[in-house]
Protein chains: 2
Amino acid sequence: MPGTSPDYAARLREAGLRPTRQRVALARLLFEGGHRHVTAEGLHADVRATRLPVSLATVYNALNQFRDAGLLREVVVAPGRSYFDTNTGHHHHFFVEPDGELHDFASDKVTIAGLPAPPKGTRLARVDVIVRVRR
Amino acid sequence: MPGTSPDYAARLREAGLRPTRQRVALARLLFEGGHRHVTAEGLHADVRATRLPVSLATVYNALNQFRDAGLLREVVVAPGRSYFDTNTGHHHHFFVEPDGELHDFASDKVTIAGLPAPPKGTRLARVDVIVRVRR
DNA sequence: AAGTAGTTTAGAACAATTCTAAAATCTGCA
DNA sequence: TGCAGATTTTAGAATTGTTCTAAACTACTT
Ligand SMILES: [Mn+2]
Ligand SMILES: [Mn+2]
Ligand SMILES: [Zn+2]
Ligand SMILES: [Zn+2]
């Protein structure tokens, strides 16, 4: 399948980010294969397993930059830990406790009707549905 | 209105918690008046304003114990900060960014239809809807 | 190749929360 | 009312997740 291999350097450049060794390695881990929900610590472990030395600070920097550039979305489900989501489309989550696993489900599966109007002086930004489940 | 004044000591005892000075003061702040969404720091400031010295560790202990006893619910909306909610009934939230304010709305206002079945081996625990709005 | 701006990094710093172990307080029972 | 034992509070240290600092390094431009 020639021409299918994604060019992460180009993708980063389009997002206004220099394609450094570290960022390209992180982008590959994040965007090749299916959608992922990662923590900074988890991604750091993954990238170090590729034998490329990348500091934890760089992982945090990259995750925040990728999020700001719209390449990732941040998901808040549990106190004291941020998840970053490679699926930036509209969707919702199952959160499995106590494992801390996240699973997507398409937002067009669900119908949310009758949402009250936003408080005075505010505009709707996003609706997050978190379905908490237990083993 | 005699007999209406809530007996926080009794309420704590029923929850299996000794009604200490600190816990009674915190319960009063939390449960008198309408529903509240507090952070540990915020509640600590409130209780210290009553001139009763209470350490921050005790506030954290009490919030966690109240939550475990079902007197409070923990709400996760923003990375790195926990909110505790005196409204333990079914309801959902507006989250106003960047202020960090939470507002309740009744869950029977909203209809959520077509939720996918929980992942294999898990049981539904709760559905949280967070409507993020911006000024 | 050189210059410059942007990036990475180790380590320090920070913020939220939890832990430790000693002092204080609550409770049930003399 | 006084004690004894169990629980709670507390100051301060520790831990965790994350951000900052400033020096070394690297990518892009010329
Ligand atoms: Mn962040
Ligand atoms: Mn907690
Ligand atoms: Zn997702
Ligand atoms: Zn609420």
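Just so it is clear, the model here is predicted, and its values are computed rather than measured. Reckoned from all heavy atoms, side chains included, excluding hydrogens, waters and symmetry mates.
Remark: of the listed residues B/Val59, B/Val75, B/Thr39, B/Asn64, B/Asn64 is the sole one forming a side-chain contact (heavy atoms from CB on, under 4.5 Å) with B/Phe84.
The environment of CZ in A/Arg126 is crowded: more than 12 heavy-atom neighbours from other residues, nucleotides or ligands sit within 6.0 Å.
In this structure, B/Gln65 atom CD and C/dT17 atom P are separated by 15 Å, rounded to whole Å. Nucleotide D/dT7 holds its C1' atom 11 Å from the CG atom of B/Leu17, rounded to whole Å. Between the CG atom of B/Leu56 and the P atom of D/dT10 there is a distance of 11 Å, rounded to whole Å. Rounded to whole Å, atom C1' of D/dG17 lies 13 Å from atom CG of A/Leu63. Put simply, CZ on A/Arg81 is 14 Å from P on C/dT18, counting in whole angstrom units. Protein atom CZ of A/Phe66 is 11 Å distant from nucleotide atom P of C/dT7, rounded to whole Å. Between the P atom of D/dT10 and the CG atom of B/Leu26 lies a distance of 9 Å, rounded to the nearest Å. One can place CZ of B/Arg67 at 8 Å from P of C/dT18, the figure rounded to the nearest angstrom.
Under the 4.0 Å criterion applied to side-chain N and carboxylate O atoms, B/Arg135 and B/Glu101 are assigned as salt-bridge partners.
Note that OG1 of A/Thr58 is 11.5 Å distant from CG of A/Leu43, once rounded to the nearest 0.5 Å. One finds the CD atom of B/Glu41 at 7.5 Å from the NE2 atom of B/His44 (value rounded to the nearest 0.5 Å).
Contact check, A/Tyr60 against D/dT19: no side-chain N or O comes under 4.0 Å of OP1 or OP2. Put simply, A/Asn61 has no side-chain N or O that comes within less than 4.0 Å of OP1 or OP2 on C/dT8. Between B/Thr58 and D/dT8 there is no side-chain polar atom (N or O) within less than 4.0 angstrom of OP1 or OP2.
Between B/His93 and B/His37, the two ring planes are perpendicular [angle over 60°; tilted spans 30° to 60°]. Using cut-offs of 30° and 60° for the angle between ring planes, the B/Phe105 and B/Phe94 rings count as tilted.
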Sugar-phosphate or base contact per nucleotide [nucleotides 23-29 of chain D; S, B, -; heavy atom under 4.0 Å]: ---SBS-
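Along DNA chain C, the nucleotide closest to B/Gly80 and the one closest to A/Gly16 are compared, and the more 5′ of them pairs with A/Gly16.
The nucleotide whose nearest atom lies closest to any side-chain atom of A/Ser55 is, among D/dG17, C/dA10, C/dT17, C/dA10.
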